[in-house]
Amino acid sequence: MPLSDDRRLTEIASRLHREDPGFVQAFADGRPRRPREYRYRRAWLLLAVALGALATGVFLAHGLLIAAGLVFAGVAGELFDPHRRERPARCPPSGS
């Protein structure tokens, strides 16, 4: 392998170790697990709470609880996107 390829692989390995050391350690131990961006435990929990709030709001005919359930469901949907951190910010930085 040329030197540039070795350096590129070393940079990738060091970045992976810096971003998700638990994944690297589990992989080295022979027990690989999903990388951090594909773990959805919090998203599933928030979605369950959102659907519970939505169902309770519909059952009690309480508009604020329905709205809160819908908002939380939207936030949970956003958490399921593995590339959400790679997208640019919606508001550009102010020049002042």
Side-chain angles (χ1 to χ4, degrees):
M1 250 192 214
L3 183 60
S4 63
D5 289 341
D6 288 338
R7 185 177 58 217
R8 204 173 314 155
L9 287 174
T10 303
E11 290 172 1
I12 291 171
S14 65
R15 185 179 55 184
L16 182 62
H17 184 68
R18 188 174 53 246
E19 289 176 359
D20 198 355
F23 172 73
V24 173
Q25 184 61 41
F27 197 77
D29 292 343
R31 298 173 294 127
R33 64 180 193 180
R34 292 182 178 177
R36 179 177 295 143
E37 60 266 12
Y38 293 104
R39 293 184 223 147
Y40 301 121
R41 188 171 295 144
R42 286 186 293 169
W44 282 112
L45 179 64
L46 184 59
L47 185 61
V49 169
L51 292 178
L54 183 62
T56 304
V58 169
F59 180 73
L60 297 176
H62 195 276
L64 188 59
L65 201 51
I66 293 171
L70 289 172
V71 168
F72 286 143
V75 171
E78 181 73 19
L79 289 176
F80 279 107
D81 181 15
H83 304 291
R84 68 184 178 276
R85 292 186 178 125
E86 296 172 6
R87 284 184 277 160
R90 294 183 185 191
C91 300
S94 61
S96 301

Problem - Shared hydrophobic cluster for V58 and L70 (ILVMFWY, side-chain gaps under 4.5 Å) - result: yes
Practice task
Of all the heavy-atom pairs spanning A53 and G69, show the shortest one and how long it is.
Solution key: CB-CA, 4.1 Å
Problem - Cluster check V49, L65: I/L/V/M/F/W/Y, side chain < 4.5 angstrom - result: no
Practice task
Determine the interplanar angle of the W44 and F80 rings, folded into 0 to 90°, and report it as parallel if under 30°, tilted if 30 to 60°, perpendicular if over 60°.
Solution key: perpendicular
